[in-house]
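Report on the structure given below.
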Number of protein chains: 2
Amino acid sequence: MPHLQSSGLRRAVPHTWVDGSAADAVPADDRGLNYADGAFETLHCNAGMLACPDLHEARLASALERLEFDGPQALAKQSFEEMKKLLAEVAHSGVVRCTVTRGSGPRGYEPSAASVPRRIIAAQGFPVIADRPLHCGVAQVRWAHQPQLAGLKLLTRTEQVLAAGEARQKGWDDSLMQDHRGHVVSSSRANLFIFQNGRFFTPNLEVCGIAGTRRQLLLDHVLPRLGYRCSTQDLTLADVLKADVVMLTNTLIGVASIGSIADRVLDRKAAAQLLRPLRAALSECVSERSPS
Amino acid sequence: MPHLQSSGLRRAVPHTWVDGSAADAVPADDRGLNYADGAFETLHCNAGMLACPDLHEARLASALERLEFDGPQALAKQSFEEMKKLLAEVAHSGVVRCTVTRGSGPRGYEPSAASVPRRIIAAQGFPVIADRPLHCGVAQVRWAHQPQLAGLKLLTRTEQVLAAGEARQKGWDDSLMQDHRGHVVSSSRANLFIFQNGRFFTPNLEVCGIAGTRRQLLLDHVLPRLGYRCSTQDLTLADVLKADVVMLTNTLIGVASIGSIADRVLDRKAAAQLLRPLRAALSECVSERSPS
């Protein structure tokens, strides 16, 4: 295998593959690096088996389609088949990130017709996730208003990077992120649900945000199965601050409750009572949708 | 020098350096690749000497500061000093791109305090630029509304990639890009000026767009020197379509006129008459601000 020259050595992550082969670098002319021209998925993997691969593959295909990659469905399928094979070979348990970029290309924004998309798979250990209500602040940075790309998990994650960095600096577990109208859209790394007067509400993601796979499972399966109604609508910060329970969802945390938002302390007992059956139902739902 | 393994071989660009050393790859855990966590500048270089390095260095420093990199001014200065030295050594004539990313880091949006920023310098030949009025269309994609990051040249360039891709598909030289209110902000790769009733107008970039170095020179020096007034304000597509002359500016093209926008054909003679002294004055202004 040819080697690309790169300066500097770095601690290897447990497993990284580029276009199906073990590798820990990408060419410097990759358009994912130079123009954020690509998309990714972060998945949960257990003994080589991905959780909810179909949901992630569908979202990746949507992103590649919106980015006008050739054959987005087939490319997402190929990426996932390759990822499944590689993860099964090493019986990986942990997190997996699957990135698809436009590949190498000449300088300039215009995608080259000759570019071949690049697939980067990085398998790492599970993060340590505190099993306690989270303390969140409200991020200074707001989501860009971009209805044409909303919901997708593109490589362009600047707002979330800034929100996560602010959370670290201020000692928060995470930060709530608003759009420019003052509607709460998400946290820096998770979708948001509030529980108020016996029903759930989650922000609509029509102008910004990422449509999470666990959010989708809650909306389509988990909440209906438990007999809850959930509305997708605009939520102001005031709506969130007065909620009975506030929850975050993503691939890695599943469902977690928020214990406090800035000075507002939420009812931990109510959250714990609500969380228990939700977590069990989500876990069951994920298992049903994952090969074993 | 240690080598990083990467799969696939690619045609080498004339010169690429990573952190000051010749290299053609970056580690796969680079945050520029994974989260678009970084910024860049594209410059003109003649016999190893950069054009207007101060303007570019200042804009890079602004971007790094907004991204909360440690010591953004010093980092931009270091990047530019290194770039100047490397380009002088090879007496480069052509385009240069200077990219600064957050460097390698663990998975997750949160920037690691341990990450060391990475500097990537890619020197390439001059692009072939047609010396004729451009034929432009109007892009389907619109700029995201993001006043907190407007004007900066971050790695997140998805809208421009889509607009440039549409232009190629439709046989346009470039495409005009609007924001979500229908105001024209730029083309896919350049800033825009219109000339109407004896004065210039250029879009304000308060909610989106990139504040170009040549735009800045035109506003601050070139137009005043030639006795023109220029207003920075919102411009609708109708404003642009009824203008006497429409021009684009960037580092590589300098000033170019638009010959047609979709079905609207502009007055080429008026454009040529206006363009000649503007180009000469911009060229002189660039020379004054560039070492020789």
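Numbers restart at 1 for each chain; the letters A, B, ... are given by sequence-line order, proteins then strands.
No hydrogens or angles considered: a donor-acceptor pair under 3.5 Å links the side chains of B:Asp29 and B:Ser104. Between the side chains of A:Glu159 and B:Gln148, no donor N or O sits under 3.5 Å from an acceptor N or O. In this structure, a donor-acceptor pair under 3.5 Å is present between the side chains of B:Ser188 and B:Asp174.
Among A:Arg31, A:Gln140, A:Gln169, A:Glu110, the residue with the largest count of heavy-atom pairs under 4.5 Å with chain B is A:Glu110. Most heavy-atom pairs under 4.5 Å with chain A, from the set B:Cys208, B:Gly165, B:Ala163, B:Pro111: that is B:Pro111. Ranked by heavy-atom pairs shorter than 4.5 Å toward chain B, the options A:Thr101, A:Leu252, A:Thr158, A:Val207 are led by A:Thr158. Among A:Asn34, A:Thr156, A:Val141, A:Thr42, the residue with the largest count of heavy-atom pairs under 4.5 Å with chain B is A:Asn34. Highest contact tally toward chain B, considering only A:Ser112, A:Ala144, A:Gly108, A:Gly38, is held by A:Ala144 [criterion: heavy-atom pairs under 4.5 Å].
In this structure, chain B has a heavy atom under 4.5 Å from the side chain of A:Ile120, while its backbone stays farther away. In this structure, chain B has no heavy atom under 4.5 Å from any part of A:Glu166. Contacts between A:Thr99 and chain B at a heavy-atom distance below 4.5 Å involve the side chain alone, from C-beta outward. Both the backbone and the side chain of A:Arg142 come within less than 4.5 Å of a heavy atom in chain B. Interface residue B:Leu154: only side-chain heavy atoms are found under 4.5 Å from chain A. The contact between A:Leu67 and chain B is made by backbone and side chain atoms together, counting heavy-atom distances below 4.5 Å. With a 4.5 Å cut-off on non-hydrogen atoms, A:Trp17 does not touch chain B at all. Only the side chain of A:Val95 comes within less than 4.5 Å of a heavy atom of chain B; its backbone N, CA, C and O stay farther away. Looking at A:Arg97, only its side chain comes within 4.5 Å of chain B, counting heavy atoms on both sides. With a threshold of 4.5 angstrom between heavy atoms, A:Phe40 approaches chain B through side-chain atoms but not through N, CA, C or O. There is no contact between A:Asp179 and chain B, counting heavy-atom distances below 4.5 Å. Only the side chain of A:Pro127 comes within contact range of chain B, judged by heavy atoms closer than 4.5 Å. Residue A:Ala113 touches chain B through both its backbone and its side chain, counting heavy-atom pairs closer than 4.5 Å. Interface remark: A:Arg66 contributes backbone and side-chain atoms alike to the contact with chain B (heavy atom separation under 4.5 Å).
Formation of a donor-acceptor pair under 3.5 Å by the B:His92 side chain with backbone atoms of B:Gln124 is found in this model.
At a threshold of 4.0 Å, the pair B:Lys85-B:Glu81 does not count as salt-bridged, since none of the basic side-chain nitrogens sits closer than that to a carboxylate oxygen. For B:Glu41 and B:Lys153, the salt-bridge test fails: no basic side-chain N is under 4.0 Å from an acidic carboxylate O.
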Working note: B:Leu248 + B:Leu134, criterion side-chain contact (heavy atoms from CB on, under 4.5 Å); need CA distance, chi angles, decisive distance, verdict. CA-CA 9 Å; B:Leu248 297 178; B:Leu134 304 169; 3.8 Å; yes
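The distance from atom CZ of A:Arg215 to atom OG1 of A:Thr251, rounded to the nearest 0.5 Å, is 13.5 Å.
Taking 4.5 Å as the limit, some side-chain heavy atom of B:Arg102 sits within range of a side-chain heavy atom of B:Phe69. Taking 4.5 Å as the limit, every side-chain heavy atom of B:His183 sits out of range of all side-chain heavy atoms of B:Pro203.
Across all their heavy atoms, B:Ala51 and B:His56 have their closest contact at O-CD2, 3.7 Å.
Between A:His44 and A:Phe126, the ring planes are tilted. Angles from 30° to 60° get that label.
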